[in-house]
Number of protein chains: 2
Amino acid sequence: MSGADPAVAPADEPALCRRARGLSGRTIAEVARELGRALPHAPGRAKGYVGTLVEAALGASAGNRSEPDFPALGVELKTVPMSAAGVPRESTFVCSIALDRVADAEWAESAVARKLERVLFIPVESERGVAFEARRFGAPLLWSPAPAQRARLRADWEMLADLVGRGELDRVTAHLGVALQIRPKAAHSRVVRLGPGEDGSVWTLPRGFYLRRTFTASVFATAAGGASGMGR
Amino acid sequence: MSGADPAVAPADEPALCRRARGLSGRTIAEVARELGRALPHAPGRAKGYVGTLVEAALGASAGNRSEPDFPALGVELKTVPMSAAGVPRESTFVCSIALDRVADAEWAESAVARKLERVLFIPVESERGVAFEARRFGAPLLWSPAPAQRARLRADWEMLADLVGRGELDRVTAHLGVALQIRPKAAHSRVVRLGPGEDGSVWTLPRGFYLRRTFTASVFATAAGGASGMGR
DNA sequence: CAGGATCCACTATTGGATCCCG
DNA sequence: CGGGATCCAATAGTGGATCCTG
């Protein structure tokens, strides 16, 4: 074993960061072996595997509960697939939308605001041509939104929550929002959920909030010594 | 006739701007008719037609000479095809590259810097679905680069001129440069010109400097009341 | 040929769909 | 089902090729 007992949650942020840095440079296969976990059975059938693996490696509260991964620290954990150029390859899921309750919510109380207040990003190599099990973890980033970033997220959230609350879900597409967007969140497109419609409730596809790839890219770029914090 | 005699160059910038504003809202067909010019014979065979038409309409010195379109004013004229959203659809040609002379040139003396010091942009509607002759001119923009824009152009130019001067023309692609890029400028790809190579001179494709679409977009966005002048 | 540009095949992006696990 | 995410067909973007005129 290489560090503290992974089954136990880290006591504080420094301890968490130490564990996270311990992953840097190591491969998925190495970490899986140390935790006694099998690698995914089939290539392309590995969605979510790395996220779960990192949860175990860092001692996050496992499972599907709607609280931070590290409840005592208020820290949310996200793995981010990175291209060789150091740019995220995918958007980042934030949380599902409670379609029936978003109407009269306030930004400060929202699940999005709470989840994003403190996030530990773990970059993972993700390049066609590098075998899944050989992909390496990168340097972790413990992030809280800068004022301009928080303002951007809030503006997007208020615009989107307003649309949902007004029953205009059918106007909501992933095109909306600069930093934050709404996209489907379901096993497939026939799944339905009750949500606000033009006349009362309608059956609709479950949705989630996601961070755009460009936003996450700017978060990493800024942290790496970038200039502005937002913008190109 | 709607304004001053188009055959005569405007006396000063205000006069030029008045003529340019006179085009706003009018169609290519209307302007062509007033100047007694035939419309292009075939659709898709109209490259350059609008540029030449506007030169005539505004009293620019016609022809292929390497001086500003309005020599007395030091103003360069560029038509810009615009999408319905008000964003340029194409990059903007600036000038050809003297491959054999760019090596020891200085930015301030360069053709790029001189051409871009004062530019009159004339937007033209350019949307599949709007017939060529029915496309309308937009509000003109008389522009000089803001300090940040000039610095960006200079940095790009120096990087590119350096590559060309060092005989590394084969490493120059249109990917290089944030605001300014180098692309082929010839009738077709078999045209060759003598330029600097790794060992003396080599035959190579003629090239030109172009403004990227994103840069021209930011120029228009800023002038339209935008915030930053550069950036997204 | 130099200046006026646009065309278009290919690549990059991404919105919507989908998959695994507990 | 909710949390962990990635997949991929369709669209947007653009680099290199091309076209017209004087």
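Chain identifiers are assigned alphabetically (A, B, ...) following the order of the sequence lines, protein sequences preceding nucleic acid strands; residue numbering begins at 1 within each chain.
- Within the 4.0 angstrom heavy-atom criterion, no nucleotide atom of any strand lies near A:E67.
- At a threshold of 4.0 angstrom between heavy atoms, the contacts of A:G51 are confined to the sugar-phosphate backbone, with no base atom among them.
- The 5' end of DNA chain C is approached more closely, in terms of each residue's nearest nucleotide, by B:D69 than by the other of B:D69 and B:E90.
- Atom P of nucleotide C:dA2 and atom NE2 of B:H188 are separated by 14 Å, given to the nearest angstrom.
- At a threshold of 4.0 angstrom between heavy atoms, the contacts of B:R190 are confined to the sugar-phosphate backbone, with no base atom among them.
- Residue A:K185 is classed as a base contact, given a heavy-atom separation below 4.0 Å to a base.
- Across all strands, A:Y210 comes closer than 4.0 Å to base atoms (heavy-atom distances).
- Looking at A:K47, its side chain comes within 3.5 Å of the base of C:dT18 through a donor and an acceptor atom.
- Looking at residues two or more places apart in sequence or on another chain, you find a salt bridge (Lys or Arg N to Asp or Glu O under 4.0 Å) between A:E76 and A:K78, A:K115.
- Nucleic acid contact for A:R207: none, since no nucleic acid atom lies under 4.0 Å from a heavy atom of the residue.
- Using a 4.0 Å heavy-atom distance criterion, B:R89 is classed as making no nucleic acid contact.
- Using a 4.0 Å heavy-atom cutoff across all strands shown, B:T79 reaches sugar-phosphate atoms only and no base atom.
- Between A:R26 and A:E34 there is a salt bridge, with a side-chain nitrogen of the basic residue lying less than 4.0 Å from a carboxylate oxygen of the acidic one.
- Contact annotation for B:P206: no contact, since no heavy-atom pair falls under 4.0 Å across all strands.
- A salt bridge does not link B:R114 to B:E109: none of the charged side-chain nitrogens sits closer than 4.0 Å to a carboxylate oxygen.
- In this structure, B:T173 reaches the sugar-phosphate backbone alone: every heavy-atom distance under 4.0 Å involves primed, P, OP1 or OP2 atoms, never a base.
- The aromatic rings of B:F209 and B:W157 sit tilted, their planes meeting at an angle between 30° and 60°.
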